[in-house]
Undergrad: 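Sharing a structure, written as structure tokens. Questions coming.
Excluded from the calculations below are hydrogen atoms, water molecules and symmetry mates; all remaining heavy atoms, backbone and side chain alike, are included. In this text, all values refer to a predicted model and were calculated from it rather than measured experimentally.
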Amino acid sequence: MSWLAVHTKPREEATASAQLQQQGYGVFLPEITERKRRKGKWQRVRSPLFPRYLFINVDLKEQSIAPVRSTRGVIGVLRFGGEIAVLPNAVVEALQAAHEFGAEADTISELEWPHKPGDSVEILEGPFKGLAAVYHMPRGEDRAALLLTMLGSEQTVVIERSVLGAVLKKNQ
């Protein structure tokens, strides 16, 4: 059995995965859970770890990969110089182990928030709307302490995390 990388159409990884499974291929689509801002709110979103790619497990001596190219959502099988690129089993096994470990962690952790101490962030709503502040630390699950420069000195303010924009400047 060999693992092959399949190149998919943009944002059609899940469609391609389902179609390939229906055709009898072993499919692995590694995903990651991220916090993204959608419609003004932070949401947990699952997205492909490798956008536009998934992996199939085939026996190249027994199974034809010709139908893969005409599968809905698929562009083709990854090739180098005309030769099909076969991934080492150890690489895919390591990805699967990491994927299973990540799937077990369903609780919201500090790692899922894009803001880290020292990052410069923009405040999107409220009385401080439009101001830049330095993310200081979390205060519970949904609030954060920020350092805001006002009247010539730094003041600590606590606001809802949902009103924080993207990181303007990462803490180095």
Side-chain angles (χ1 to χ4, degrees), residues 3 5-22 26-56 71-75 78 87 90-172:
W3 284 101
V6 175
H7 188 206
T8 68
K9 294 178 180 176
R11 293 175 298 286
E12 291 199 25
E13 298 89 352
T15 301
S17 175
Q19 294 291 318
L20 290 166
Q21 285 175 349
Q22 287 179 351
V27 179
F28 175 52
L29 174 59
E31 294 181 315
I32 187 169
T33 302
E34 304 173 292
R35 290 188 66 78
K36 290 189 177 182
R37 196 165 175 82
R38 296 226 171 127
K39 297 181 182 177
K41 303 271 186 199
W42 286 103
Q43 297 178 352
R44 291 173 57 148
V45 177
R46 300 229 3 117
S47 56
L49 182 60
F50 304 107
R52 299 189 67 188
Y53 289 94
L54 56 83
F55 306 104
I56 59 172
T71 300
R72 190 168 151 214
V74 172
I75 291 176
L78 187 64
L87 288 103
V91 170
V92 178
E93 288 169 5
L95 284 170
Q96 287 174 325
H99 188 259
E100 288 172 14
F101 175 77
E104 292 174 4
D106 280 337
T107 58
I108 296 175
S109 71
E110 188 60 28
L111 297 175
E112 293 181 37
W113 285 95
H115 311 107
K116 304 292 180 233
D119 288 349
S120 177
V121 297
E122 181 181 8
I123 302 170
L124 301 176
E125 296 176 21
F128 303 112
K129 179 180 180 177
L131 297 178
V134 176
Y135 183 86
H136 183 56
M137 62 189 296
R139 289 281 173 100
E141 280 188 25
D142 297 324
R143 295 169 56 90
L146 304 175
L147 299 175
L148 188 62
T149 304
M150 294 187 307
L151 304 172
S153 66
E154 283 189 340
Q155 304 294 321
T156 302
V157 293
V158 178
I159 63 171
E160 296 290 320
R161 280 182 156 177
S162 62
V163 302
L164 295 180
V167 175
L168 299 173
K169 183 178 173 189
K170 287 264 187 206
N171 181 22
Q172 303 281 323

Undergrad: If you take all heavy atoms of Leu148 and Ala133, which pair is closest and at what distance?
TA: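 The pair with the smallest heavy-atom distance is CD1-CB, 3.8 Å.
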Undergrad: Return yes if some donor-acceptor pair links the side-chain N/O of Arg52 with the main-chain N/O of Thr8 below 3.5 Å, else return no.
TA: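 A pair under 3.5 Å: yes.
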Undergrad: In terms of relative ring orientation, are Trp3 and Phe28 parallel, tilted or perpendicular, with 30° and 60° separating the classes?
TA: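 Ring orientation of Trp3 relative to Phe28: perpendicular.
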Undergrad: For the residue pair Ala132 and Ser120, what are the closest heavy atoms and their distance?
TA: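 The pair with the smallest heavy-atom distance is CB-OG, 4.3 Å.
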Undergrad: Hey, what do you get for CD (Glu12) to CD (Gln19), rounding to the nearest 0.5 Å?
TA: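 Going from CD on Glu12 over to CD on Gln19, the span is 10.0 Å.
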Undergrad: Just so I know, are the side chains of Glu13 and Ser47 near enough to count as touching, which here means a heavy-atom distance under 4.5 Å?
TA: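 The answer is no; the side chains never approach within 4.5 Å.
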Undergrad: I need the minimum non-hydrogen distance between Ala5 and Phe55, along with the two atoms involved.
TA: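 Minimum heavy-atom contact is CA-CD2, 4.0 Å.
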Undergrad: Looking at CG of Leu131 and CD1 of Ile123, how far apart are the two atoms once the value is rounded to the nearest 0.5 Å?
TA: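 One finds 6.0 Å between CG of Leu131 and CD1 of Ile123.
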Undergrad: Walk me through whether Leu95 and Leu49 qualify under side chain to side chain contact (heavy atoms under 4.5 Å, CB included).
TA: CA-CA 10 Å; Leu95 284 170; Leu49 182 60; 4.2 Å; yes
Undergrad: So how far is it from His136 NE2 to His115 NE2, rounded to the nearest 0.5 Å?
TA: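 Output value for this atom pair is 15.5 Å.
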Undergrad: If the condition is salt bridge (charged side-chain N to carboxylate O under 4.0 Å, His left out), which residues does Glu160 pass it with, not counting sequence neighbours?
TA: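 Here the qualifying residues are Arg143.
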Undergrad: Any idea which heavy atoms bring Glu122 and Gly130 closest together, and the distance?
TA: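 Heavy atoms only, the tightest pair is OE2-CA, 4.0 Å.
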Undergrad: Which residues satisfy the side-chain hydrogen bond (donor to acceptor under 3.5 Å, both in side chains) test with Gln155, sequence neighbours excluded?
TA: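 Here the qualifying residues are Ser153.
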Undergrad: For Leu124 versus Gly165, what's the shortest heavy-atom pair and its separation?
TA: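 Heavy-atom minimum between the residues: CD1-CA, 3.5 Å.
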Undergrad: The criterion is ring-ring contact (aromatic ring centres under 6.0 Å, His included); which residues satisfy it with Tyr53, sequence neighbours excluded?
TA: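 ring-ring contact (aromatic ring centres under 6.0 Å, His included) list for Tyr53, sorted by chain: His7.
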Undergrad: Compare all side-chain heavy atoms of Val134 with those of Asp119 and state whether any distance is below 4.5 angstrom.
TA: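 When only atoms from C-beta onward are counted, Asp119 and Val134 do not touch, as no gap falls below 4.5 Å.
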Undergrad: Enter the distance from Thr15:OG1 to Leu20:CG here, rounded to the nearest 0.5 Å.
TA: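 Atom-to-atom, Thr15:OG1 and Leu20:CG are 10.5 Å apart.
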Undergrad: Stepwise, does the side chain to side chain contact (heavy atoms under 4.5 Å, CB included) test hold for Val6 with Leu78?
TA: CA-CA 6 Å; Val6 175; Leu78 187 64; over 6 Å; no
Undergrad: If you round to the nearest 0.5 Å, how far is CD of Glu31 from CG of Leu54?
TA: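 CD of Glu31 is found 10.5 Å from CG of Leu54.
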Undergrad: To the nearest 0.5 Å, tell me how far Ile56 CD1 sits from Leu87 CG.
TA: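 So the gap between those two atoms works out to 10.5 Å.
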Undergrad: What closest approach, in Å, do Ala144 and Leu164 show between heavy atoms, and which atom pair accounts for it?
TA: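 Looks like CB-CD1, 4.3 Å.
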Undergrad: Can you confirm whether Leu146 sits close enough to Val121 that some side-chain heavy atom of one is under 4.5 Å from a side-chain heavy atom of the other?
TA: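 Result yes, sub-4.5 Å side-chain heavy-atom pair found.
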Undergrad: Can any side-chain N or O of Glu154 pair as donor or acceptor with the backbone N or O of Thr149 at less than 3.5 Å?
TA: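 No: the side chain of Glu154 does not pair with the backbone of Thr149.
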